[in-house]
*Asks:* 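Would you mind keeping the following structure in view while I ask a few things?
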Amino acid sequence: MATHPTFCRICEALCGLEVDEEDGRVTAIRPDDQHVVTQGFACIKGLRQHELYDTADRLRQPLKRRGATFEPISWEQANREIGAKVRQLHRDHGPSSIAMYVGTAAGFSFLHPVFAQGFMQGVGSRSMYSSATQDCSNKFAVARLVYGFPFTQPFPDVDRTSCLIVVGANPAVSKWSFLQVSHPTERLKAIVARGAKLTFVDPRRTESAKVAGDHLFIRPGTDVFFYLGFLHHLIASGGVDEARVDAHMNGFDDVAKLVAAWSPERVAEVTRIPAEKLKALVEDYQSADGAALYCSTGVNMGRHGGLAFWLQEVINAVSGNLDREGGTLVGRGLLDFPAFAKKNGILMGDARSRIGDYGMVNDAFPGGVLADEITTPGPGQHRALFVTGGNPLITMPGSDRLRRALGELELCVVLDIQRGETASLAHYVLPCTTPLERPDLPFIFPLLLGMQSRPYLQATEAVAKPDGEQRDEATIYLDLCRASGRPIFGSRIAQTLLDLSRRLEPADASGHRPVPQRRLLDLVLRLGGAPGFARMLADHGHGLRRADNRGGSYLGQRVLTDDGRVDLAPAPLLAAAERLEQAFIAERGDQRRLKLITKRDVTTHNSWTHNHQRFVGRGTNHVYLHPEDAAARGLAEGALADVASEVATVRLPVRLSEDLMPGSVALPHGWGHQGAGGLSVARETSGVNVNLLAADGPGALEPVTGMAHLTAIAVEVRPAAGPQDTTSWSGIDPAASIVAPRGPS
């Protein structure tokens, strides 16, 4: 048995791990006590990930659909047939007929998203979609307008802040988004222990709020009005750093004019945060020696996620906390990727979608129009879809519509490690290596952007071997490019060089040679002035600490707008803000309706950890209600309830929780696996997919950011209609959990 240091790649925490391996199989995983930053912390999901991979459900050969079943085929046949279909579609319908959906898992590998994009560049198609438009495209779209580049994402200086206000985020369960922070609960406790102010603003008293700090309830979907009232009082109380604004920013007068009408007293009508409490929060922020506002998916996925995040960034900037120690920082990566990408037009695409006329964000269109792009005839109609690192049938809004749309495709290819919901509808399923079976570097956020609270660098060798014919995604896409007659990145030179370099790689049992992953990763490290890949493994197996991020390194130096100044008032956002008065009136008149929020369980991760009995527990999610709301509707703990939005109704058992703000309903996401033919544990669960309740299609998405609205959804909750077993949810037919999808939105 051998022990290897490595790091986890299932979320942004990137926890250091030690892996016991015997004959190419992982036998145990432990936290790495010697890791330079994470120092012995890891979550249960990371420590048991090998049990998720090493099951009978693992994909080990390429599969081809034959009617309602799949049959194993060779890689040669898969590449030949997929390539031939891509050639035919490209010839007959043009490159835009070939689309790709990139999921979150792709982002936690360095080479995977690069080669996936390279395949689409080779095809010549801009028909890219990503999971970002379900949870974070608002941040990318706003950053491009305000800072000049979408990946400029200031983050809170967690270890030095004197005041941190967290809106719609729950680090104790979900870690931090767009920032690597190890051991989140201990770091939250440390903020309070050193005398700093920590406040969570959320419709639910979250696990994080119970760990440390104060908590303020807020009505779901009213975050934008919270930020308006916050900025109004900041300006009124003299909290603007006028010298810094004059030196580095444009548009302050326009923003000040916008917020003039939104006093704390007025916004309290919809947020339900008393004006005195909001003013006190602003004064805590204003008087702190370094303060930060931070938000995540609870804000991002609401109806005004783009405007809310914009106002947050304005507050951090005009208060003097942007680019300040203890405030928000803009990290430095191993390379100056933002400057390089901006200069070369990377992630700066300006095409518009055929359906809905939505702009690209990070070179991708909104996932919420994918179903329409497949089903609507005309030039550019999508006829082929490649799905990589994701499971859109669970994560996308309107997933019932998308399911029907996928059935109309002439070609659907899914790359995955197990056959989940989306893969179960594919024409071809291609088996991929797991994170433990490939060499790697940290993904783009920490490596190229420096989004780390305590910066470090790490490399890992593969610590396990595939037990079948699985291949890494970079190799798969290079082979598909050759089979399709379309060179990777649209460059025959790149295709030729990569093919030639493979000759130096050891062959697998079939004689196939992979992409030279280690050599490519070594090149990235050396270009950034870091030790090479082999030296990183030999001398810095537990990580190499880098210099801490510091304030004063961004403003006036690395802002990528055309004039080098932060744009506080981009025209598209000001135009969108003109609709806030109407939204406020609607919200004020809608105060009696329940608002649905999503939540995560600590043992699950998006949708893919449900194929393990230890993680799925009782085998269902629940609808959580405050006892007052439940009693008013004749519902008790364990009863079955129908939860109805404007687009669908789902049925599931009730749990009561006083942690919820009255008027709020919570429903964990990631469930609903009854259609996953290749997930033997998950498909036996009875949970429901909360995203069935969300609308998709043109008109249902946020105009500037393309974001779907997956939280703060108005719903009715009532006792389940018809015969039912109210004593045991396990006795309910899983198919009955989806009561009435209502068709196109």
Side-chain angles (χ1 to χ4, degrees), residues 1-35 38 40-61 103-110 112 175 182 389-391 415-420 423 431-443 458-473 508 514 517 537 541-543 601-617 670 673 676 678-682:
M1 183 179 71
T3 298
H4 309 277
T6 185
F7 56 91
C8 190
R9 279 153 284 169
I10 64 173
C11 82
E12 282 151 303
L14 299 172
C15 299
L17 304 173
E18 283 191 338
V19 172
D20 291 342
E21 168 265 326
E22 187 169 0
D23 297 328
R25 304 285 292 276
V26 172
T27 59
I29 301 178
R30 296 178 301 278
D32 183 359
D33 293 336
Q34 301 178 63
H35 194 273
T38 64
F41 173 78
C43 80
I44 185 64
K45 299 181 288 291
L47 296 178
R48 291 190 173 273
Q49 61 184 287
H50 59 300
E51 297 175 5
L52 286 164
Y53 308 146
D54 190 14
T55 73
D57 291 334
R58 177 73 190 279
L59 290 168
R60 293 174 169 84
Q61 293 176 272
T104 303
F108 294 111
S109 166
F110 192 84
H112 181 171
K175 312 301 187 292
S182 59
N391 188 10
L415 285 69
D416 213 327
I417 61 174
Q418 296 175 340
R419 186 162 57 88
C432 302
T433 52
T434 72
L436 301 178
E437 295 166 350
R438 63 174 181 253
D440 221 338
L441 299 174
F443 67 112
Q458 189 170 9
T460 180
E461 184 58 276
V463 296
K465 296 178 181 179
D467 61 353
E469 300 177 19
Q470 300 95 337
R471 294 179 180 176
D472 69 277
E473 292 88 353
D508 62 19
Q517 298 174 79
L537 294 177
H542 303 282
D601 293 322
V602 71
T603 59
T604 62
H605 182 71
N606 295 337
S607 67
W608 66 273
T609 58
H610 291 84
N611 202 43
H612 190 300
Q613 190 61 52
R614 180 181 293 269
F615 294 147
V616 296
H673 302 287
L679 304 180
S680 60
V681 175

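Because the structure is predicted, anything quoted here is derived from the model rather than measured. No hydrogens, no waters, no symmetry mates; every other heavy atom, side chains included, goes into these values.
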*Asks:* Measure the shortest side-chain to side-chain distance between Leu59 and Ile417 over non-hydrogen atoms and say whether it is less than 4.5 angstrom.
*Replies:* no
*Asks:* Would the distance check show the side chain of Arg30 and the main-chain N or O of Ala28 forming a donor-acceptor pair, the cut-off being under 3.5 Å?
*Replies:* no
*Asks:* Is any side-chain heavy atom of Glu18 less than 4.5 Å from a side-chain heavy atom of Thr3?
*Replies:* yes
*Asks:* Mind telling me whether His610 and His673 have parallel, tilted or perpendicular rings, with 30° and 60° as the class edges?
*Replies:* tilted
*Asks:* Quick one about Thr6 and Thr460 (side-chain donor to acceptor, distance below 3.5 Å, no hydrogens or angles considered), yes or no?
*Replies:* yes
*Asks:* Heavy atoms only: give me the nearest Asp467-Gln470 pair and the separation to one decimal.
*Replies:* OD1-NE2, 3.0 Å
*Asks:* Evaluate whether atom CZ of Arg25 has more than 12 neighbouring non-hydrogen atoms of other residues, nucleotides or ligands under 6.0 angstrom away.
*Replies:* no
*Asks:* Do you know the tightest heavy-atom contact between Pro5 and Gly541?
*Replies:* CB-O, 3.5 Å
*Asks:* Going from OG1 on Thr434 to CG on Asp54, what distance comes out if it is rounded to the nearest 0.5 angstrom?
*Replies:* 9.5 Å
*Asks:* How many angstroms lie between atom OG1 of Thr104 and atom CD1 of Ile10, to the nearest 0.5 angstrom?
*Replies:* 12.5 Å
*Asks:* Stepwise, does the side-chain contact (heavy atoms from CB on, under 4.5 Å) test hold for His112 with Cys432?
*Replies:* CA-CA 11 Å; His112 181 171; Cys432 302; over 6 Å; no
*Asks:* Show the nearest heavy-atom pair for residues Phe7 and Ala459, with the distance to one decimal.
*Replies:* CE2-C, 4.0 Å
*Asks:* Between Lys465 and Asp23, is the closest basic N to carboxylate O distance under 4.0 Å?
*Replies:* no
*Asks:* Compare every heavy atom of Pro514 with every heavy atom of Asp472, then report the nearest pair and how far apart it is.
*Replies:* OD1-CB, 3.9 Å
*Asks:* Can you tell me how far apart OG1 (Thr27) and CG (Asp20) are? Round to the nearest 0.5 Å.
*Replies:* 4.5 Å
*Asks:* Could you tell me whether the side chain of Arg9 reaches within less than 4.5 Å of the side chain of Gln49, counting heavy atoms only?
*Replies:* no
*Asks:* Compare all side-chain heavy atoms of Cys11 with those of Lys45 and state whether any distance is below 4.5 angstrom.
*Replies:* no
*Asks:* Tell me if a side-chain donor or acceptor on Asp57 pairs with a main-chain N or O of Gln418 at a distance below 3.5 Å.
*Replies:* no
*Asks:* Heavy atoms, side chains only, cut-off 4.5 Å: are Glu12 and Phe443 in contact?
*Replies:* yes
*Asks:* Could you check whether any side-chain N or O of Gln34 sits under 3.5 Å from a backbone N or O of Asp32, counting only pairs where one atom can act as donor and the other as acceptor?
*Replies:* no
*Asks:* When rounded to the nearest 0.5 angstrom, what distance separates CD in Gln517 from CG in Leu441?
*Replies:* 10.5 Å
*Asks:* Would you say that Glu469 contacts Arg60 through its side chain, given a criterion of any heavy-atom pair below 4.5 Å between the two side chains?
*Replies:* no
*Asks:* Check whether any side-chain heavy atom of Pro31 lies under 4.5 Å from a side-chain heavy atom of Leu47, and answer yes or no.
*Replies:* yes
*Asks:* Under 3.5 Å, is there a donor-acceptor pair between the Glu51 and His612 side chains?
*Replies:* yes
*Asks:* If I compare all heavy atoms of Asn611 with all of Val681, which pair ends up nearest, and what's the gap?
*Replies:* OD1-N, 3.0 Å
*Asks:* Grab the two heavy atoms, one from Pro466 and one from Glu437, that are nearest each other, plus how far apart they are.
*Replies:* CA-OE2, 3.8 Å
*Asks:* With rounding to the nearest 0.5 angstrom, report the CG to CG distance, Leu14 to Asp440.
*Replies:* 9.5 Å
*Asks:* How long is the gap from OG on Ser109 to CD on Glu473, to the nearest 0.5 Å?
*Replies:* 6.0 Å
*Asks:* With Leu537, which of Gln458, Glu461, His4 fulfils side chain to side chain contact (heavy atoms under 4.5 Å, CB included)?
*Replies:* Glu461
